[in-house]
**Q** 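This is the structure, below, for whatever I ask next.
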Protein chains: 2
Amino acid sequence: MSAKTLDFWFEFASSYSYLSVMRIEPLARDAGVTINWRPFLLGPVFLSLGWNDSPFNIYPPKGRYMWRDLARLAARYQLPLTMPSRFPRNGLLAARVAILGAAEPWIGEFSRAVMSANFADDQDIADPAVIHAILTRLGLPADTLLADATSDANKLALRRQTEKAGELGLFGAPSFITPDGEMFWGNDRLEDALAWVVDGPAI
Amino acid sequence: MSAKTLDFWFEFASSYSYLSVMRIEPLARDAGVTINWRPFLLGPVFLSLGWNDSPFNIYPPKGRYMWRDLARLAARYQLPLTMPSRFPRNGLLAARVAILGAAEPWIGEFSRAVMSANFADDQDIADPAVIHAILTRLGLPADTLLADATSDANKLALRRQTEKAGELGLFGAPSFITPDGEMFWGNDRLEDALAWVVDGPAI
């Protein structure tokens with residue numbers, strides 16, 4: 001019996017990634033699926049599609065709708081939501097810490113704390129002090145982790161992971177990829193992706 | 001007690017509109033909701049956003065994903081699906097007939113037949129012979145309806161409805177608008193939109 005896993009591609013600046021980061025661990029646990037956390041940067045992926053900003057900013061009707069849809073979904077999931085005073089925020093530092101800790105037991109809690117800072121508490125997650133405070137609150141060695149996160153090797157690891165996202169055909173976040181290569185895009189598809197892993201291909 | 005209604009904005013060329021056109025009548029009947037059929041043209045709406053083609057063609061990774069996602073959803077709903085040999089097809093004539101018949105008892109059956117021609121049978125719905133055959137099969141006066149559909153007054157009605165879509169902030173199809181003005185975008189939100197009408201605002 002092979003292990004049941006799901007690759008979870010997310011970006012800390014992404015509004016719908018917020019919903020999935022907050023929801024994924026209990027759902028995966030109930031399904032018996034191990035999550036591979038795959039933080040990446042949407043910016044370079046968007047640039048390759050010709051967008052120099054979030055499509056929610058480039059296309060105002062899409063953006064207006066997104067914030068309303070997000071509010072409805074947050075209410076359904078009973079998640080707090082404050083529209084960030086700046087969108088999208090720069091998730092680079094948070095992503096560097098997350099790729100460093102992707103296989104550590106604290107990755108879920110760290111990711112939820114960063115997402116809550118951005119989308120519930122309207123904090124600037126690009127500010128190293130915000131990330132430092134989160135790590136400290138989790139009982140982690142913040143100074144060491146921030147130094148390691150900004151090492152050349154770790155910067156390169158995030159760059160390579162972001163390139164990999166483009167090679168896989170990702171164009172948004174969150175995205176989920178099953179061990180047999182099936183891609184699901186969007187918070188709406190989280191449950192479908194888990195079911196695919198558990199039950200096997202539906203088609 | 002006010003009547004429960006839902007405005008259903010759709011476009012015959014739109015892949016996710018296919019799913020909702022095929023699904024909406026039984027779901028609405030079960031929910032006790034009357035559907036207001038609102039055919040419109042996505043082309044002018046897309047143009048206003050700077051797209052001179054379907055975004056699924058402009059952004060190939062989005063397009064590749066969409067066809068796979070559509071296949072998964074069609075399998076779930078037990079709907080036939082053949083990738084159209086041309087996408088998007090020109091849904092102008094079909095939309096003109098649909099706006100003419102929007103309040104007629106045959107609007108649902110006509111819309112499903114056109115969608116099936118496009119997405120199940122790979123027929124060219126821009127061909128008047130295809131639309132004529134559909135109307136005839138439904139026992140309707142095809143010659144008269146096609147003449148009325150292409151009258152100046154009816155052409156203008158579709159143009160005005162498409163302008164209205166832009167004014168409402170629509171940016172894609174299918175979209176659903178409740179009597180209290182709540183917008184839901186995408187086949188994924190059909191059930192949510194009906195629930196909003198039946199149960200009242202969720203937030």
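Residue numbers start from 1 in every chain, and the chains themselves are labelled A, B, ... in the order their sequence lines are given, proteins ahead of strands.
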**Q** Looking at residues at least two apart in the chain, or sitting in another chain, which of them share a side chain to side chain donor-acceptor pair (under 3.5 Å) with B:Arg86?
**A** none
**Q** Taking all non-hydrogen atoms of both residues into account, name the closest pair between B:Trp196 and A:Arg68 and its distance.
**A** CH2-NH2, 3.6 Å
**Q** On the ring face of A:Phe184, is B:Arg72 found with NZ or CZ under 6.0 Å from the centre and within 45° of the axis?
**A** yes
**Q** For A:Arg76 and B:Asp192, what are the C-alpha separation, side-chain angles and deciding distance, and is it a side-chain contact (heavy atoms from CB on, under 4.5 Å)?
**A** CA-CA 11 Å; A:Arg76 173 183 305 172; B:Asp192 292 348; 3.0 Å; yes
**Q** CD of B:Glu109: more than 12 outside heavy atoms within 6.0 angstrom?
**A** no
**Q** Answer yes or no: is there a side-chain heavy-atom contact under 4.5 Å between A:Arg189 and B:Asp188?
**A** yes
**Q** If you define the side chain from C-beta out and look only at heavy atoms, does anything of B:Lys62 sit under 4.5 Å from A:Leu49?
**A** no
**Q** B:Gly169 and A:Pro61: which non-hydrogen atoms are nearest, and at how many Å?
**A** O-CB, 3.7 Å
**Q** Could you tell me if the ring centre of A:Tyr59 sits under 6.0 Å from that of B:Phe171?
**A** no
**Q** Give, as side chain, backbone, both or neither, the part of A:Leu73 having an atom under 4.5 angstrom from any heavy atom of chain B.
**A** side chain
**Q** Answer yes or no: are there more than 12 heavy-atom neighbours, outside A:Asp180 itself, under 6.0 Å from its atom CG?
**A** yes
**Q** Does a sphere of radius 6.0 Å around NZ in B:Lys155 hold more than 12 heavy atoms from other residues, nucleotides or ligands, not counting ones at 6.0 Å or beyond?
**A** yes
**Q** Can you tell me which of A:Leu170, A:Ile58, A:Ile203 forms the most heavy-atom pairs within a distance under 4.5 Å of chain B?
**A** A:Ile203
